[in-house]
Number of protein chains: 2
Amino acid sequence: MSTVLVVDDDPRLQRTLSIALRAHSHHVLTANDGRTALAVVAEESPDVVILDLGLPDLDGTEVLRRIRQTSLVPVIVLSARHESDDKVEALDLGADDYVTKPFGVEELLARVRAAGRRAGDIGRQLGVIETSHFTLDFAERRAVVAGRDIRLTPTEWRVLEALCREPGHLVTQQDLLRSVWGPSYGRESNYLRVYANQLRRKLEPDPAVPRHLITEPGLGYRFVL
Amino acid sequence: MSTVLVVDDDPRLQRTLSIALRAHSHHVLTANDGRTALAVVAEESPDVVILDLGLPDLDGTEVLRRIRQTSLVPVIVLSARHESDDKVEALDLGADDYVTKPFGVEELLARVRAAGRRAGDIGRQLGVIETSHFTLDFAERRAVVAGRDIRLTPTEWRVLEALCREPGHLVTQQDLLRSVWGPSYGRESNYLRVYANQLRRKLEPDPAVPRHLITEPGLGYRFVL
DNA sequence: CCGGCGCGTCAAGATCGCGTCAAGAGCCGT
DNA sequence: ACGGCTCTTGACGCGATCTTGACGCGCCGG
């Protein structure tokens, strides 16, 4: 399914994890120290990294920092229970999750799946969305409506992204506001009405009778292909 | 996913909680004292509030009381004291959960998830309800009756939610009124008759002979599949 | 047979949410 | 500094939705 890099200097733990991960059909890479880990991340670009903070050569947080300089790969940090400061630091540096030892293998597997899923969701670019009337290329930021190139503003693109992540699904006003304008905009405002209007004018065949950008009164909007 | 407000005057605890919550992909807002907390609740309408009772300016219970004057947001109360009086008082004032310090971060995270679920995703838990004649998708707010998409109003959905929580079971008029129109509407009124009527017209094969939305005279209504 | 009670039905008025417009502020490149 | 493009914000009208009151009908007990 996915490639997981296990970074740990304890051969026993490494072995246990490898077996468990392979049993769940992950591809497993291993590294015993920080330098090797960095090399493997660079060479193989794994989908998930499991990183023990207690390493022989480099400090675990240092490894994490360097990984983050070049990669957004999800990192799950392992640490002994008492090193809570490390934990805090690791998460600040961009770890995606932490697990304190001792831990159950099942728990770790669940977190690997979760991390992979989160990354996949983020990484999954919207690519191209096509309807009978217009085409949206999110990667290129190009919109073609009825054969003509149309300019959309940055905010319009972001609204569309939030709506098109799951075509056909309802997106609540709150979700829309938060993913476009940030967490603080949880309440109603004119934004959505104005931008829904704007988008309909630019995209819909007949803005007065929306076919793709559907409003769900009191709830939010739905984008249908 | 959801926005959590952490109200605590201990910077260390605040930091730990923030990091843990962010690691589980919540948005985090913080407040060091009661006044700020009230302002943030009013301005940002978070999805969950974690409230420490020991605050510098206002008494924690007072903060809770004022939050409840304007908002139904789920509140999880933290307290160092083992005094059960506080616990009782807090729960009376409308706290949704109560955690005594010291506590495990995982435990708190679980309670945040639980609180968020109770409050936000009421519809989502119901999933899809299907009968021989119509299908209701509460998450997507879609109703298909005899193969056709039917539009239901927000209040109609809320009534259906209350009815469908336990298909086949009797739901009393009081329960219905309370869960749709709020705690103050314990008394009889026309609401239920009007909306039962409305729903039957939209959903029943023959509104004159209800097969799914059954009246229990003097008691309430029953939804049967 | 009669009267009360509870439910179904209807319709009118009040209210709410959305679409629309436009003015002004902020930002950027020139 | 200037001009153009965006974003923000307030105002307004309209249609959908909610609320409320009135009325009729059937059931049940007196």
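A, B, ... follow the sequence lines: proteins, then strands. Residue 1 opens every chain.
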Rounded to whole Å, CD1 of B/Ile150 lies from P of D/dT17 at a distance of 12 Å

Taking only the side-chain nitrogens and oxygens of A/Thr153, find out if one of them lies under 4.0 Å from OP1 or OP2 of D/dT6. no

Side chain to side chain, B/Pro205 and B/Phe134, heavy atoms closer than 4.5 Å: no

Pairs under 3.5 angstrom, nitrogen or oxygen only, protein versus nucleotides 7-10 of chain C, please.
from, atom 1, to, atom 2, distance (Å)
C/dC7, OP1, B/Gln173, NE2, 3.2
C/dC7, OP1, B/Gly218, N, 2.7
C/dG8, OP1, B/Arg200, NH2, 2.2
C/dG8, OP1, B/Thr215, OG1, 2.7
C/dG8, OP2, B/Tyr221, OH, 2.9
C/dG8, N7, B/Arg193, NE, 2.9
C/dG8, O6, B/Arg193, NH2, 3.3
C/dT9, OP2, B/Asn197, OD1, 2.8
C/dC10, OP2, B/Arg201, NH2, 3.2

Angle between terminal axes - the helix from C/dC1-D/dG30 to C/dT30-D/dA1, 5 pairs each end, rounded to 10°: 30°

Among B/Thr3, B/Val48, B/Asp47, B/Val112, exactly one meets side chain to side chain contact (heavy atoms under 4.5 Å, CB included) together with B/His26. Which residue is that? B/Val112

May I ask you to test the B/Val7-B/Val63 pair for a side-chain heavy-atom distance under 4.5 Å? no

Under 3.5 Å, is there a donor-acceptor pair between the B/Asn32 and B/Gln14 side chains? yes

Rounded to the nearest angstrom, tell me the gap between atom CZ in A/Arg151 and atom P in C/dC28. 15 Å

Could you tell me whether the phosphate oxygens of D/dT8, OP1 or OP2, come under 4.0 Å of any side-chain nitrogen or oxygen in A/Trp181? yes

NZ/NE/NH1/NH2 to OD/OE distance under 4.0 Å, B/Arg200 and B/Glu156: no

Distance-only donor-acceptor check, side chains B/Asn190 and B/Arg193, under 3.5 Å: yes

A/Tyr191 vs A/Trp181 aromatic rings, parallel, tilted or perpendicular, using cut-offs 30° and 60°? parallel

Establish, with yes or no, whether the OP1 or OP2 oxygen of D/dT9 is under 4.0 angstrom from a side-chain nitrogen or oxygen of A/Tyr191. yes

Rounded to the nearest Å, what distance is computed from the CG atom of residue B/Leu177 to the C1' atom of nucleotide D/dC18? 14 Å

Looking at B/Arg65 and B/Glu62, does any basic side-chain N land under 4.0 Å from a carboxylate oxygen? yes

Just to confirm, is there a sub-4.0 Å distance from OP1 or OP2 of D/dC7 to any side-chain nitrogen or oxygen of A/Tyr195? yes

Any A/Tyr221 side-chain heavy atom under 4.5 Å of A/Thr215 side chain: yes

Please report, rounded to the nearest Å, how far the C1' atom of D/dC7 is from the CD atom of A/Glu156. 10 Å

